4 protein chains.
Amino acid sequence: MCGVIGLFHAGEEDVFPDAVNGLFQMQHRGQDACGIALADGRIVRHHKGIGHVREVFPSRPLPDFSGFVATGHVRYPTQGDNRVRNTQPHVVSTLRGTNLALSSNGDLTNYHTVRARLEEKGVDFLGTNDAELILKFIAWEHLEGGCSLLEAIRRMQREVRGAYSATLVTGDALYAIRDPWALRPLCFGTSGVLHVVASETPALDIARVDLVDEVGAGEVVHFGREGITRHPHPDVASVRHGSPVPAHCIFEHVYFSRPDSIAFGERVYDVRRRIGAWLARHEDEAIDVVVPVPDSSNAIALGYAHESGVPFEFGLIRNHYVGRTFIHPDQARRDDGVKQKFNPLRSVFKGRRVALVDDSIVRGTTLRKLTRMVRAAGAAEVHLRIGSPVTRHSCFYGVDTPDAEALIGSRMDEAGICAHLTADSLRYISVEGLREAAAGDGHFCMACFTGEYPEPVREQKASK
Amino acid sequence: MCGVIGLFHAGEEDVFPDAVNGLFQMQHRGQDACGIALADGRIVRHHKGIGHVREVFPSRPLPDFSGFVATGHVRYPTQGDNRVRNTQPHVVSTLRGTNLALSSNGDLTNYHTVRARLEEKGVDFLGTNDAELILKFIAWEHLEGGCSLLEAIRRMQREVRGAYSATLVTGDALYAIRDPWALRPLCFGTSGVLHVVASETPALDIARVDLVDEVGAGEVVHFGREGITRHPHPDVASVRHGSPVPAHCIFEHVYFSRPDSIAFGERVYDVRRRIGAWLARHEDEAIDVVVPVPDSSNAIALGYAHESGVPFEFGLIRNHYVGRTFIHPDQARRDDGVKQKFNPLRSVFKGRRVALVDDSIVRGTTLRKLTRMVRAAGAAEVHLRIGSPVTRHSCFYGVDTPDAEALIGSRMDEAGICAHLTADSLRYISVEGLREAAAGDGHFCMACFTGEYPEPVREQKASK
Amino acid sequence: MCGVIGLFHAGEEDVFPDAVNGLFQMQHRGQDACGIALADGRIVRHHKGIGHVREVFPSRPLPDFSGFVATGHVRYPTQGDNRVRNTQPHVVSTLRGTNLALSSNGDLTNYHTVRARLEEKGVDFLGTNDAELILKFIAWEHLEGGCSLLEAIRRMQREVRGAYSATLVTGDALYAIRDPWALRPLCFGTSGVLHVVASETPALDIARVDLVDEVGAGEVVHFGREGITRHPHPDVASVRHGSPVPAHCIFEHVYFSRPDSIAFGERVYDVRRRIGAWLARHEDEAIDVVVPVPDSSNAIALGYAHESGVPFEFGLIRNHYVGRTFIHPDQARRDDGVKQKFNPLRSVFKGRRVALVDDSIVRGTTLRKLTRMVRAAGAAEVHLRIGSPVTRHSCFYGVDTPDAEALIGSRMDEAGICAHLTADSLRYISVEGLREAAAGDGHFCMACFTGEYPEPVREQKASK
Amino acid sequence: MCGVIGLFHAGEEDVFPDAVNGLFQMQHRGQDACGIALADGRIVRHHKGIGHVREVFPSRPLPDFSGFVATGHVRYPTQGDNRVRNTQPHVVSTLRGTNLALSSNGDLTNYHTVRARLEEKGVDFLGTNDAELILKFIAWEHLEGGCSLLEAIRRMQREVRGAYSATLVTGDALYAIRDPWALRPLCFGTSGVLHVVASETPALDIARVDLVDEVGAGEVVHFGREGITRHPHPDVASVRHGSPVPAHCIFEHVYFSRPDSIAFGERVYDVRRRIGAWLARHEDEAIDVVVPVPDSSNAIALGYAHESGVPFEFGLIRNHYVGRTFIHPDQARRDDGVKQKFNPLRSVFKGRRVALVDDSIVRGTTLRKLTRMVRAAGAAEVHLRIGSPVTRHSCFYGVDTPDAEALIGSRMDEAGICAHLTADSLRYISVEGLREAAAGDGHFCMACFTGEYPEPVREQKASK
């Protein structure tokens, strides 16, 4: 996960409030830490910390912290640990007044190889974070190699493998950079004077900026005093080992993105409704009521209801004073508080055959508890309907799935999972069904379901 | 608002965790401050502070703070200011080992009269809070007057007017006390060994305690080593000036209570669905889609959809990292953040005739912004459908409505309000429609709509 | 240790700043916790906390916290633990507007006996602190027994044994109370309108108040709207089991009190100079230079120098950014930082026969390190000169001496101690020498040296 | 003021605890902020903050913060403001693994000129601090100019004017650097494996390191894996515009340094005693008692006493729970608390002709209050004896003297000052007397007394 933002104000007004507001709209992508770097035309300053956006950035302006160019980040810790030195944006300072700051979303797959090569040249690393590697690769090529920043980015794109949606700030310009597979989302928009790059479109909405486009696969977009300049990758297929097509992370549609986001060209809410409709069309049980596991499955369940005519009900009431369960990185805290978070409505469940809709099954811990909770609330039958195929493989691109052995889908077949979850039936959307629902250009990374990664993954996940 | 809890463990196990969890389930009733008093069979200790439950009570046990009897409170400041000395539970200590602690939800209407009478007798007050008055009245009669606690409570009920749902802790017993009108909710349940009294049933659910009943109008329920003893009021009509019926606050169903609560004998979710159904049955416009202002109107909009067949959609996406708007007591913070909180889904609204459903209109500020937001998102028509009648009168019993002049419903007629909110049409449920939907015993306080208060209110709201 | 203060302003001006300043002047008596209770003519409010005066009481006024009567306390924890519930002042609240707050310095010797008697009557205790016992005894007699406060205090003085120098606040008056032995210091003064009671006179000085007198042994002084009324004990000898004389703690002169304090009628600085003079007169070694262990022994060493003509030098430089070593209650922290705290001046010690002067030897740990440090700094001989006799017995009246077995003076003879401390010679002042130096009325408790306690101590120190 | 430290452990053990302890021993040189940078053989990490050493560096180790090379700083803010970005050590990071961190004590006199020159070359500055300028000058010459660090330092010494005693850390080495005038102190020592550089020798003492020598005027000392290498300046007179002699700040002896420090080759305590002896030899009044303003004048007064035979007394008792008055940078806080800090001993002053000894008179505010305080305590006559000549001129090298017009010595003659301070007589040591007392090489900067600055000061103090 994680979320990135980039801002450039052509009138050179302070973008700090917009940066904070934009990060706040992407708080669901990472609650662990956040940071912002601002450039005032010359100097890049940064402020970052552990905690929510509201905690790290109070509502009042910070002393000595303003600028018209910004990069910002909210962190969900998939990589490295929770130390401040792995907090983004990362910064490179030199004596020459060339300061660079970069935030990135996504995991690299050849971090160790590239880092070793850079270390041989004399580059030092403060932490173990992918974004630091990307930044220092670019900085090295630009500052030591003497090439332009754009060319430095191109060199990085040739060497570094994996997912990165990044924003890079110099003293007076902003670059948006996306990996050749376009794995993680990155879009940009403008109000005419204020340009905003972000992982999700609500960060544009809050700034009253109109969406222009996604940053293309391998594309670099430059925002400077001369305006917006798009630099499509000159030969993106070659840096994809010949693949003609990108590979967008399907999990953005399934779970990560807000429903009001437009991801990979499609409104997430609409995609989720189509997922629900697919599940409804493939229903083979008699269902009295369809109930989502709120909030990520609300639109899926609603799509099911609209397609099937089965009544939709809010059968599980969620206490929003707790955070999103999935957001906590360790198992212990993930289990914690299912009861505190969800309370079942007996009048909805009593005597009914329930389709309980969830977006995905990772470990199955929460869904097992919810199935029992729903049955204890009087449901006659509990049929689990899942808005994604069986999750069987680890992700190497930034989704915090556990190692394969912790995935219930890699250890059991569907019947086994159904029994383990104590459900009456269990149905997943098919890979093709999900692809249809996701629409867009149709080019998705579905490796977590299929094991077919966009490119060979040589380094072990655990090795970092 | 505010929420109260009371706990008694017959096995004399520590109820601190259950008290914290229960208050957490009622956090929506008050985010301003909270507190718990615990009795260990002899001594009553308390801990309270400004902030959310999670802030005041960390997840680890507190040193020297345990007990098998508890009273707890979450505060929404309608009364007095935000000083700690007005934080509940209030405590009375004496030398004799008789310690009393009390939490109450609801506003009194003759506070000044009763306080003056007590002060004449020599009773001192630390703050200006209703609960302190109730506690000290009872304590005076019991400790100085020499009567039993039950008799002291009865005397209090004869003198003190207004709303109070209270829990009172002695060294080794718990009392649940409710005003003769049963204005604010108060229920109790038991697991056999653990007895819980609470403003809302989810506080019972989290403790795995079965609901037994509401505390009756004017009733006192005693929980002690000898078990549960109910003391219905011997002559409740007389302390209601002859009124044979109670007057439950209808706003609990409309807005305050969680949908999974059972209030005044009815599941709130079901009541809200019936409100929506009533609105659908009285629809006089052609509607393409029904959209709630989340989350308080979700069930109303769903009831509308089920009754009418008009599709329900989540057209406004809510950022849950902000709190509930209404919860902040001052106008400035109430306005703040409508854009941060709600983002419209263009694909839902585009070209459609929208029924936008909200639970009530107080000042109209938020709804005016939302109406414009929905129209800007492409809606062809915006029809506002409100789950309560026109709010025209102040509440004197604990609902934080502003003075009448700030209520848009007291300043304009419906056409004027509709124009002010820039809507195409505006419909409210009728008083009778709401009464039917609320069901239960049918005896509600609807003074905020009708101006008919259960009893004459002599003191001015502003005078405290 | 511990320090108490009491204030009364006849013009009914706020005494909060003077209370804070006064406690700050007695910070050396206790750095563990502090608190103040204020009465405004009617209500007593209190504020207390763990930490230094500057931490618990910020320099700005506290909201809702002012009054013209005050009692205050700085705590050095000899009794009970470091929990807030043992923090002073203690408070008794009742419904009748009779609020009492009390701070006390000194330890009781029959705490358990008296507590048990009170508990039988129904009095409850929140903690295990002597001052709570004193307060509740008085409160019980006054509130339940119906006698006057003065008479209640007299009854307390008849039953409670041990040391107490206390200030008691009612809604509109202040009482100063001292045990019949006058073990711990307590004096009072007035500016005409502002009356101040304190453990040490610098608390009067900072308030620009002139010292009037000590509170006499067993005396009660009342400060009210009618002025200052002294109530000498009507029969103090009887509550001293016939002893005609008091027993002032000699350690106030030796170590506790500031040199600028007037304790038991004598300026502490002058007493210490006389102690040093005695040591000089009894010198039997050839000494080149006299050096104090700063700061508590400065005046002793100076007195030695003036008497003997041996040059005084500041041979050990103290880093004042650390606190006073003795002030930390546990052995671990007491050892900690001798090197951080003291640095020897080689040019002072080099080749010289040094008289190293300290006020007392308790465990000997620090002095052993200092002796080695001085020798390592070049001293030819190190002769230890101690401003008090051999400390052999525990104190039961509030001095935080360890159990007798931890006292080096109870385990070894003087030759053994001298060898253990690696000194060339070791001399103590004699009991009689100290008594002469202390002057005043000559009636001191010297039990820590002689084992002769003013009255039999029946309860074990460890038993609390 | 300010204090610097540098550490290098040849056994590559962590020097963090020694760095903290050493800074703590120099806390009196700056209480405003502090920081440490550590190198582990490759990477330089830093940690700094606003506050005392104990606050910024807790007693437990910090995660990810260790190393065998260190530079550290305590700040007294003479330069720039109190923002974190002006906190030391300053750091330069580059991609090449060349990280530099530097701490410096002393003010530059051509900051703006040098900064402008560097900015023209493209060097950027984060703040306005002298140490950042020194570091970036060196870094630029080394990193961009390609010369060795030693040569880069030599270039800096040719261009930069003013006072600097600095420690510079690379990934695996430590440099000690001193300006050609040797204005501020800087010494070094070694235990064989642990080498320590510091502003004052107690920072060596606490690390059990033996003093080797001062860092010479213009000298650079290198501490690396190959040992200690001294690089005396090849032509120090030329960078001093031909001056054959250095100019040590005499105020270190008068006030700044701890008495146990060896500064400019002399023990400060001994210098101060000699100052006092000079004052005694030049006494022209009949004096009964000599009393220091503690603690900075203790040794001066003692020297006076030993020379004259007049008895020394601690007549003003200092409350050490307040910090050193002079340390607070603004006038308001400097005045604050004379009464809280000093309490006079009436028995010392009563009827006596007092020599009140202070180290210097800057504004005269405190001394005027003390003179009155001493007279009010009964002194028959108050004769002020000052351990330095009349302070008439501003310092441009790091002593926080106010602008000349705020110096009482620049506005009045001695008679006028004496009258203003309400003293009976006032005597200063002469410039020559002070020089004799200070001994050492005899080459001191006494510009604050004489106006003769070591080199012309072209920039205005107020201009920064």
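Just so we're clear, the structure is a prediction, and the values are computed from it rather than from any experiment. Letters A, B, ... are given to chains in the order of the sequence lines, protein chains preceding strands, and every chain is numbered from 1.
The CD1 atom of A:I206 sits 5.0 Å away from the CD atom of B:Q340 when rounded to the nearest 0.5 Å. Interatomic distance, B:R346 CZ to A:T201 OG1, rounded to the nearest 0.5 Å: 11.5 Å.
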Evaluation steps, side chain to side chain contact (heavy atoms under 4.5 Å, CB included), between B:R258 and A:N343: CA-CA 10 Å; B:R258 290 168 56 133; A:N343 201 26; 3.9 Å; yes
Derivation of the side chain to side chain contact (heavy atoms under 4.5 Å, CB included) call for A:N319 and B:Q27: CA-CA 9 Å; A:N319 184 343; B:Q27 184 76 79; 5.6 Å; no
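The neighbour count for A:R281 CZ, taken as heavy atoms of other residues, nucleotides or ligands under 6.0 Å away, is above 12.
Using a 4.5 Å cut-off between heavy atoms, A:R273 touches chain B through its side chain atoms alone. Looking at A:V53, there are no atoms closer than 4.5 Å to chain B (heavy atoms on both sides), in backbone or side chain. If you measure heavy-atom distances from A:L302 to chain B, the contacts under 4.5 Å come from the side chain alone. Only the side chain of A:D270 comes within less than 4.5 Å of a heavy atom in chain B; its backbone stays farther off.
Between chain A and the residues B:I262, B:D295, B:N298, B:L316, the most heavy-atom pairs under 4.5 angstrom are made by B:N298.
When all heavy atoms of A:P259 and B:I317 are compared, the pair lying nearest together is CG-CD1, 3.6 Å. Across B:K339 and A:D205, no two heavy atoms sit closer than the pair CE-O, 4.3 Å.
Side chain of B:H320 to backbone of A:Y321: no donor-acceptor contact under 3.5 angstrom is found. In this structure, B:Y269 contributes its side chain and A:E313 its backbone to no donor-acceptor pair below 3.5 Å.
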